[in-house]
Amino acid sequence: MHRQMQGHLKRGLEREMKTWHTKEEFKSAFTKKAGILYDKELHDLTRSEVYQIIAYMVRDLVSDNWIRTNKAYVEKKTKQIYYFSIEFLLGRLLESNLIGVDGEAVCREGLRDLGWELADILPEERDPGLGNGGLGRLAACFIDSLAALQMPGHGCSLRYQYGLFKQKMVDDYQVELPDNWLVNGFPWEVKRADKAVHVAFCGNAYMRPADNGELECVYEGASYVRAVPYDVPIIGYRNNTVNTLRLWRAEYSRDDVYRELSLGDRHQAFLYKDSVQRISRFLYPDDSTEDGRRLRLMQEYFMVSAGVQSIIRHYKKKYKAPLTAFADYMGIHINDTHPALVIPELMRIFMDEEGLSWNQAWQITVRTVAYTNHTVLPEALERWSIPMFKSLLPRIYLILEELNERWLKKVRTLYPGDEGKARDVAVLWGGQVHMAHLAVLGSHSTNGVAEIHSQILKDSTLHQLYTCFPSRFGNKTNGISHRRWLIQANPQLAALLDDTIGTDWHGSPERLEELMAYCNDASFLERLDGVKRERKRILGSYLLKQYGVSVDVDSIFDVQIKRIHLYKRQLLNILHILHLYRRLKDDPSLVIAPRTYFFGGKAAASYDEAKQTIRLISIVSRMINDDRRISKMLRVMFLENYNVSLGQILFPAADVSEQISTAGKEASGTGNMKFMMNGALTLGTMDGANIEIRRRVGDENCVIFGLRADAVMNYYIHGGYSSWEVYSSDENIRKVMDSLINGSIGDHEIFGMLYESLLDRNDEYFVLKDFEAYCGGQREIVRRYKNRRSWLHSSAVNIAQSGYFSSDRTIRQYAADIWHIQGVKV
């Protein structure tokens with residue numbers, strides 16, 4: 001009866017949603033669209049053209065609902081949220097959008113009749129180069145959940161011509177190649193040239209008395225860049241909601257070039273054109289140079305100014321309410337500090353263009369803006385040189401100067417003689433603009449992204465600001481889209497869950513907890529074992545095709561995929577692997593449980609230690625994999641150019657989730673949640689969301705090791721740790737460390753930088769301190785894996801408890817506690 005009701009409900013949704021209901025309907029639409037786009041026989045179409053045709057067909061399906069969604073928000077005068085993020089790591093959109101419109105099965109059947117397999121078409125889509133790491137993937141999950149929950153929320157970012165870079169491994173080195181992801185176009189976007197705005201840079205700004213006795217700003221000699229929006233539909237999961245991701249591109253018009261020509265010569269006009277195009281050309285320009293930092297600041301303000309101008313224009317045109325009510329209808333959430341210039345940009349428009357007083361503008365701005373912090377590392381908090389900032393954004397600098405003066409006057413009144421307090425909360429101090437301080441001061445809410453992270457913000461990183469605004473600080477633990485990372489990425493597991501607990505969990509992921517009733521069911525565990533083996537075979541097929549390498553699907557698949565950084569401690573992982581290798585070499589009779597280790601991730605082009613870590617992984621993997629005896633028990637793979645699409649193959653295949661950052665350094669992590677949702681066990685430190693994962697699954701279903709955050713902080717404050725002492729007293733560590741410089745794994749000089757970071761610079765991230773505990777954690781993983789029934793039980797518990805970590809839960813919390821918005825049925 002339960003399944004029958006679900007079937008009736010699904011058929012009702014199908015009648016409401018616009019989709020293809022039969023393969024004949026799909027084939028007819030495909031043939032018509034192919035004729036419009038390419039005017040050629042179907043059998044002459046390339047796979048890339050087939051992908052483009054289907055993408056445009058999906059866009060056609062949702063176009064009416066896209067219009068209706070925006071109309072509904074205005075007609076119902078509902079509050080809308082705009083999520084500003086410097087990156088949105090979307091991943092490929094065709095499959096997720098087909099799932100969203102409930103058209104995947106019909107599309108697959110229709111294509112097969114026409115002579116193609118959908119599985120062969122999907123890889124024709126390039127991963128959009130609009131993001132790099134967890135920050136951007138979180139933003140993508142959030143806008144996915146907003147649409148799925150039918151909530152009025154949109155994204156705002158930049159339309160980068162090139163992604164971060166395409167990573168290629170050449171002679172064990174990371175080589176950065178251009179990621180020209182737009183080479184074949186992006187069929188999901190719609191250019192809105194009629195909604196372009198202009199963004200001002202440079203020039204001169206100053207205050208002068210106005211006729212009414214007040215001061216007014218004069219801003220003259222500015223250079224203007226045309227910002228053109230490209231809108232991407234964000235399709236709700238099997239509902240009629242279609243929200244918008246607005247991506248801004250820097251463009252120039254003929255009039256702009258002519259204006260520059262009138263001011264100078266052709267060379268000047270060329271420089272102008274190039275400077276404009278650079279703004280939206282690269283994701284994360286190299287910030288190791290002054291020119292790169294200046295470009296990054298231009299990108300941030302360009303995105304912010306264009307987005308804010310667009311929102312205010314939309315509000316005035318559609319809502320027709322006074323500006324004093326702006327925050328009742330419009331909310332802006334800034335994802336880390338990159339969009340923090342939203343605050344002075346709102347002030348500029350409210351005061352300079354709308355005639356509001358400082359106090360009026362400030363009150364509206366604070367009520368409008370909310371801020372999520374993503375780092376506990378003080379050195380990672382964004383700061384800008386005042387001279388560079390002032391020359392590039394003179395009007396914005398005047399606003400920050402006034403804001404800083406007013407704020408510090410208040411602080412010094414409350415804390416007389418305490419210049420340390422003033423320093424720790426100032427927006428302008430020490431020749432720098434402190435963006436995190438601006439973000440807290442100019443918003444009504446500041447949240448961290450895991451319980452421990454939010455507490456560290458209050459206790460340490462932003463402590464002085466917390467004492468000033470304690471009610472503004474809170475926590476919203478991150479989440480991931482279960483639609484992307486389970487329903488789409490692991491259809492085999494999704495089908496097993498549907499058969500076991502029904503399909504209600506698709507819309508209510510917290511209902512995955514119903515699986516707890518089956519965690520000891522022998523039949524279910526046997527099927528779960530089959531799903532995991534199938535996913536490991538799928539990964540194995542990919543590796544054979546891409547690298548010509550075979551892997552043992554019966555081995556433990558141990559995976560660490562994330563940005564390469566010393567605090568994330570890929571170095572700890574590879575040193576342990578090197579330790580295992582040395583043991584196997586020293587004792588030919590030793591037999592260990594077969595293990596396959598996978599690494600993936602990019603190192604910033606200018607981050608030498610991270611790039612050297614990749615080189616170490618590559619050399620050690622080659623050394624192990626080429627050893628005929630040892631490679632039967634131990635294999636290591638570094639998978640180049642890690643992205644969302646590769647993640648969708650790796651996460652479902654993993655047995656072990658490596659979450660081994662130094663305790664207190666990782667804000668949250670979301671990879672840990674993706675692994676958990678696909679049945680992997682966490683091997684990790686008490687850091688970020690690992691703590692909350694452990695709380696939900698229990699110690700018997702994860703493996704926690706190493707220093708706690710309070711111990712790490714104690715060492716930082718009081719000292720007492722010597723990596724040389726650890727090196728001297730631990731023979732295993734000494735052997736592994738010596739191999740970095742004695743030539744046994746390559747030229748004796750090539751890993752000197754890593755050796756120095758661990759010993760001469762006293763092991764800032766406690767790799768050696770946690771080494772023995774990590775080895776113990778690895779031994780515990782092997783012990784548990786040998787008891788297959790118990791391991792499968794733990795895997796099932798992780799899946800059952802993963803529903804809490806859906807981004808739907810996170811978004812509901814944001815909506816209720818910070819944004820104060822509700823769902824709107826379209």
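Among residue pairs with one or both ends in residues 309-321, those qualifying as salt bridge (charged side-chain N to carboxylate O under 4.0 Å, His left out) are K316-E354; sequence neighbours excluded.
Applying the salt bridge (Lys or Arg N to Asp or Glu O under 4.0 Å) criterion to E220, with sequence neighbours excluded, gives no partner residue. In this structure, the ring-ring contact (aromatic ring centres under 6.0 Å, His included) partners of F473, at least two apart in sequence or on a different chain, are Y466. In this structure, the side-chain contact (heavy atoms from CB on, under 4.5 Å) partners of S288, at least two apart in sequence or on a different chain, are D286, S606. Evaluation of the salt bridge (Lys or Arg N to Asp or Glu O under 4.0 Å) rule for R137 yields no partner, not counting sequence neighbours. Every residue meeting the side-chain contact (heavy atoms from CB on, under 4.5 Å) condition with H374, not counting sequence neighbours, appears here in chain and number order: L135, L138, N335, D336, T372, V449.
The number of heavy-atom neighbours closer than 6.0 Å to CD of E216, taken from other residues, nucleotides and ligands shown, is above 12. With a 6.0 Å radius and a threshold of 12 heavy atoms from other residues, nucleotides or ligands, K390 has its NZ atom at or below the threshold.
A donor-acceptor contact shorter than 3.5 Å links the side chain of R809 to the backbone of N478. Remark: the backbone N or O of K458 is paired with a side-chain donor or acceptor of H463 at under 3.5 angstrom. Side chain of R226 to backbone of Y252: no donor-acceptor contact under 3.5 angstrom is found. Distance alone, capped at 3.5 Å, is enough to place a donor-acceptor pair between the H444 side chain and the V369 backbone. Q309 places a side-chain N or O within 3.5 Å of a backbone atom of H198 that can act as its donor or acceptor partner. N404 contributes a side-chain N or O that, together with a main-chain N or O of L428, makes up a donor-acceptor pair within less than 3.5 Å. S157 places a side-chain N or O within 3.5 Å of a backbone atom of S85 that can act as its donor or acceptor partner. Between the side chain of R68 and the backbone N or O of V826, no donor-acceptor pair lies under 3.5 Å. With hydrogens and angles ignored, the 3.5 Å screen pairs no side-chain donor or acceptor of S481 with any backbone N or O of C141. Side-chain atoms of S391 come within 3.5 Å of backbone atoms of M388 as a donor-acceptor pair (strictly under, hydrogens ignored).
For the pairing with L130, the side-chain contact (heavy atoms from CB on, under 4.5 Å) check across L90, L164, L158 returns one residue only, L90. Checking N240, N239, N70 one by one against N65, the side chain to side chain donor-acceptor pair (under 3.5 Å) holds for a single residue, N240.
Between H453 and S668 the shortest side-chain heavy-atom distance does not fall below 4.5 Å. For the pair Y319/Q80, a side-chain contact is recorded, criterion being any heavy-atom separation below 4.5 Å from C-beta on. Using a 4.5 Å cut-off on side-chain heavy atoms (C-beta onward), L408 and W429 make contact. Under the 4.5 Å side-chain criterion, counting only non-hydrogen atoms from C-beta, L441 is in contact with W362. Using a 4.5 Å heavy-atom threshold, the side chains of R348 and E353 count as touching. L438 places none of its side-chain heavy atoms less than 4.5 Å from the side chain of T337. Residues Y397 and P344 fail the side-chain proximity criterion, which asks for heavy atoms closer than 4.5 Å. Between I332 and V308 there is a side-chain heavy-atom pair separated by less than 4.5 Å.
Taking OH from Y415 and OG1 from T467, the interatomic distance works out to 4.5 Å, rounded to the nearest 0.5 Å. Atom-to-atom distance recorded for L393:CG and R395:CZ is 12.0 Å, nearest 0.5 angstrom. In this structure, F389 CZ and I396 CD1 are separated by 7.0 Å, a value rounded to the nearest 0.5 Å. Atom CG of D64 sits about 10.5 Å away from atom OG1 of T69, to the nearest 0.5 Å. Separation of atoms CG (L403) and CH2 (W358) is listed at 5.0 Å; rounding is to 0.5 Å. In this structure, CD on Q277 lies 7.0 Å from NZ on K273, to the nearest 0.5 angstrom.
When all heavy atoms of Y315 and P322 are compared, the pair lying nearest together is OH-O, 2.6 Å. Nearest approach of Y224 to A200, heavy atoms of both residues: CE2-CB, 3.5 Å. For the pair A306 and A227, the tightest heavy-atom approach, listed with the atom from each and the gap, is CB-CB, 3.7 Å. Considering all non-hydrogen atoms of both residues, R249 and S280 come closest at CG-OG, 3.7 Å. Smallest separation of non-hydrogen atoms from G479 and T670: O-CG2, 4.3 Å. Contact detail for G155 and F88: the closest heavy-atom pair is CA-CZ, 3.8 Å.
Geometric assessment of R159 against the ring of Y230 yields a positive cation-pi assignment under the 6.0 Å and 45° thresholds.
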Could you walk me through whether V304 and I334 pass the side-chain contact (heavy atoms from CB on, under 4.5 Å) check?
CA-CA 10 Å; V304 158; I334 56 176; over 6 Å; no
Could you go step by step and tell me if E300 and R296 meet the salt bridge (Lys or Arg N to Asp or Glu O under 4.0 Å) rule?
CA-CA 6 Å; E300 293 185 5; R296 180 65 180 277; 3.6 Å; yes
List the steps, then state whether side-chain contact (heavy atoms from CB on, under 4.5 Å) holds for R246 with R192.
CA-CA 10 Å; R246 175 157 286 182; R192 310 285 193 190; 4.3 Å; yes
Evaluate the criterion side-chain contact (heavy atoms from CB on, under 4.5 Å) for residue pair L93 and F186; output intermediate values, then yes/no.
CA-CA 10 Å; L93 293 176; F186 188 42; 4.0 Å; yes
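Between F201 and Y301, the angle of the ring planes goes over 60°, which puts this pair in the perpendicular group of the 30/60° scheme. Under the 30°/60° scheme for interplanar angles, the aromatic rings of H333 and Y83 are found to lie parallel.
K77 and D328 are not joined by a salt bridge, as no carboxylate oxygen comes within less than 4.0 angstrom of a charged side-chain nitrogen. In this structure, K409 does not pair ionically with E405, as no charged nitrogen and carboxylate oxygen lie closer than 4.0 Å. The pair R294-E290 does not meet the salt-bridge criterion, since no charged nitrogen lies less than 4.0 angstrom from a carboxylate oxygen. Using a 4.0 Å cut-off between charged side-chain N and carboxylate O, D144 and R483 make a salt bridge. By the 4.0 Å N-to-carboxylate-O rule, D231 lies too far from K195 to be salt-bridged with it.
Q813 and D817 form no side-chain donor-acceptor contact under 3.5 Å, judged by distance and modelled atom types alone. Defined by atom type and a distance below 3.5 Å, a donor-acceptor pair is present between the side-chain atoms of E87 and Y284. Looking at Q150 and K825, their side chains never bring a donor and an acceptor atom within 3.5 Å of each other. For the residue pair W819 / S445, no side-chain donor-acceptor distance below 3.5 Å is found, with atom types taken as modelled. A side-chain donor from one of Y73 and N243 sits under 3.5 Å from a side-chain acceptor of the other.
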